[in-house]
Amino acid sequence: MFDIAWSTIKNRKGGFVAAFIAVICGSAVITACGVLFVSGLLSGVAPERYAGATVMVGGRQTKDVKENFDPYYAERVTVPASVAEQISRVDGVEKVVRDHSVEMTLQKDDGSARGEPVPLEHPLYGHGWSSAALGPFELAEGSEPGGAGETVLDAGLARAAGVKVGDTVRLSVGTTPQDYKVAGLVDAPANGLDRQSAAFFTDARAAGLSQRPDRLTAIGVLGEDGTDAGELAGRIEAAVTGTDVVAYTGDAIGDLEFLDVGQSRGFLVMLSASFGGTALGVVVFVVSSTLGLAIHQRRRELAMLRAVAATPRQVHKLIGSEVLLVAATGAVLGAAPGFLVAGLLRDAFADVGVLPADFELSFNPLPAVAAVLLSVLGALLAGFIAARRIARIKPVEALSESQVEKGELGRTRKAVALALLGLGLITSIVLPLLIPGQLAIAGAGGSLLLLMVGSALISPLLVQTTTRLLTPLLMRSKVSGYLAAANSTANARRLSSAVVPLALGTAMALMQLSMLNTVEVTAKEQAATGVVSDYVVTSGTTGLSTDLAQKVRAVDGVGTVTPVARSQVLITYVEIDKPVSNPFSAQGLEPRDLDRTLDLDVREGSLDELRGDTVALSRIAADTARLDVGDTADVDLGDGTHKELKVVALYGKGLGFGDVTLPHGMLTGHTANQQDTALLVTGEDGGGGAGGKVESGLADLADGTPGLVVQSPEEFGAVEQGEFTQQSSTSLIANALLILYVLIAVVNTLVMATTGRSREFGMLRLIGTSKQQTRRMMFLESWVVILTAVVVGIAIAIPPAVGAALGTTGQPIPYVEPLAWGGIVVFVALLGWLSISLPTRSALRGRPIDAVYATE
């Protein structure tokens, strides 16, 4: 059977080449998703400052969620200082090093109180001198810090700042500066400092700068000679009681040293898992459509086989063998480019800031193996479904149907189509009304495939309907129009194979654009209208020191100051009988006179009660977690601290300001720097007569404070959209890959469908139709295909867009950018027209008689 299949493939290259291309591209997409997933599990960055430690001990950075992904905490999970004493008693431990780390900024001493920040390539962290042994760092010049006013800098940092031993430098934690004498310089460890700069202080001074002397950033362990690191790590984890710690060894220490690496791995696992499922569905759908058209074009040949006594099983085996050969070869060839696609995705994600620039992918062979298996299995299933009908019907019926398409669709096919369309509408529109929140938004996005498959099943009817509506226009061109109308009506199944991928590409592009625009426009509106203060004070450093609020309140004319802190929290709830912990952006606020600086559009409850163990939620977060005012929310703060918080208010402007609002002190107490992001400032008279005094006073304060920036509410609102823009870009990059794959499939299918009609073109020319009339006929047919695809694409894009708008904004009208939608429609129309017209011209170049008697 494989010999016959191979012979068929060699002699009917046209149809199989299209399926071959679809499988190659599909395998590349699936491989890329697999590489991202495996990289999320295995990849990382080598340690730098901790490279000399035998074992490093830190807090567990993930929340253990049974039967689900373990999400990462946004802030560093610190370790109680008492743990160091427990570790020191473990066998094999030679020395225990307590590490306090705090992010800082360095200013030039230009004679002003403010000082100009030194531009550094990497973040600067301050540490206790004892932690230099973990590098290990070697003292190159001078001496170790001998008092609270001295520091030791790494040599690279000293060169960048232009300082030497004995000079004075100004280092700031937030907006609190301190001058230090440079007591010495250290050389970087063997691995170098490629991701950070380091400044060392006395251990007591480092503990004071961290603001949490009772908590350690990490604990370094130097083992005795001959001690196995893995065994020592196991003994340490067993010995520590009263807190959840993790012992790291080897390159895994990089996860502890650089939190962004672990968080990026978690991001890749979540993204590739959700995106990979959608990609697999789209690939199978496109491959099925392409193979269905290829087999449809061979009706005559397969009918002849049935007429000469080939059994249904033999037809299935023949098609299965052909599909296996094509799919296996294409899948293997597509796996290698998939690694390149994964690299391009990594670079794109790094460019928008969701991955570190130095994050390396793990090029494991398992994604390629999985992609080959999934591609082949999907193609075999598609081939079986496509061959099922022609293998089942009687030989005489097969011969008759090979000449003229069956006009009516089966009842079962219609019923399944209606069921899928109904389910798609329910998932996209009804679900957000009944179960709003993130689940509804995900359902609305996923409903596109249901609507597309349902539309594909009845696409011949849609083509016939379009043809009937366009017939009066087609008939204006008597010969070509008559032929176009007759062909479109009689061969609706063939044309529908070209309509389906074109409609899918249109729908995916329109839906994605609408969902992103709706959320982006809504978020900008909320940010613009939510800040009602006169001024916003922010910082170009690591943040605003928490004592700065009191200094601003002391400025003449200032009436209300609201400090705002930012972080991310996890809310745990039950979703479809399974516990999930999802991250939500969070802000910390003081409720005093909040209405004079910030309008969150409170729908229920009151923000005046935001104190103690309480929380306010956005409508989206509350709907997602099924919470209401008075309920108790299961919340894990940024550093993993678990809280049971009473919900005291629900508000509407979550897209602009974050989905979770906590008491200010609670949030800042569980962040790495314990600093504010902004201060919202309103004058005593609301910015009227005192406005000049306030502005002048804030300007004076900024002149004497490192990094302090005074902004208007409009400027602050624009900056606050950075996180949303990052999320939008991530979604756009992932979906752009799928849309590109669909566009390749569109061209592939349309070219295949057109070139497969060479024999028909030859027959038309032999009975007197000119080349120009044939080209005109195909031009008119192309518009039947394009209009059907565009109308179907728009029709199936609207319900998910409406559902997403309901889930995110509570309003059923999505934001539509007319020019963007028009541009997509024009691009799709042009792509469809070129994919039909160019192959038509190519097919008409030869002699008609050669086309009629050709093997294909």
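Quick note: residue numbers are just sequence positions, from 1. Hydrogens, waters and symmetry mates are skipped; everything else that's a heavy atom, side chains included, is used.
Sorted by first and then second residue, the ring pair (Phe, Tyr, Trp, His ring centres under 6.0 Å) pairs involving residues 133-158 (not counting sequence neighbours) are Phe137-Phe200. The list of ring pair (Phe, Tyr, Trp, His ring centres under 6.0 Å) pairs with a residue in residues 150-197, not counting sequence neighbours, reads Tyr180-Phe201.
Residues meeting the side chain to side chain donor-acceptor pair (under 3.5 Å) test with Lys63, sequence neighbours left out: Asp636. Take Asp154 and apply the salt bridge (charged side-chain N to carboxylate O under 4.0 Å, His left out) test, not counting sequence neighbours, and it matches no residue. Thr175 is linked by a side chain to side chain donor-acceptor pair (under 3.5 Å) to Ser545, counting only residues two or more places apart in sequence or in another chain. Scored by the salt bridge (charged side-chain N to carboxylate O under 4.0 Å, His left out) test, Asp203 finds no partners at all (sequence neighbours excluded). The salt bridge (charged side-chain N to carboxylate O under 4.0 Å, His left out) check on Arg159 picks up nothing, with sequence neighbours excluded. For His670, the side chain to side chain donor-acceptor pair (under 3.5 Å) partners at least two apart in sequence or on another chain are Asp639, Thr641. Applying the salt bridge (charged side-chain N to carboxylate O under 4.0 Å, His left out) criterion to Asp214, with sequence neighbours excluded, gives Arg212. Looking at residues two or more places apart in sequence or on another chain, you find no ring-ring contact (aromatic ring centres under 6.0 Å, His included) involving Phe258. Under the side chain to side chain donor-acceptor pair (under 3.5 Å) criterion, Glu590 pairs with Arg553, not counting sequence neighbours.
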Acceptor/donor pairs from residues 347-358 side chains to any protein atom, 3.5 angstrom cut, sequence neighbours excluded:
unit_1: Asp358; atom_1: OD1; unit_2: Arg195; atom_2: NE; d: 3.3
unit_1: Asp358; atom_1: OD1; unit_2: Arg195; atom_2: NH2; d: 3.1
unit_1: Asp358; atom_1: OD2; unit_2: Arg195; atom_2: NE; d: 2.5

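Across all non-hydrogen atoms, the minimal contact from Glu144 to Ala183 is O-CB, 4.1 Å.
Expressed to the nearest 0.5 Å, how far NZ of Lys95 lies from CD1 of Ile87 amounts to 14.5 Å.
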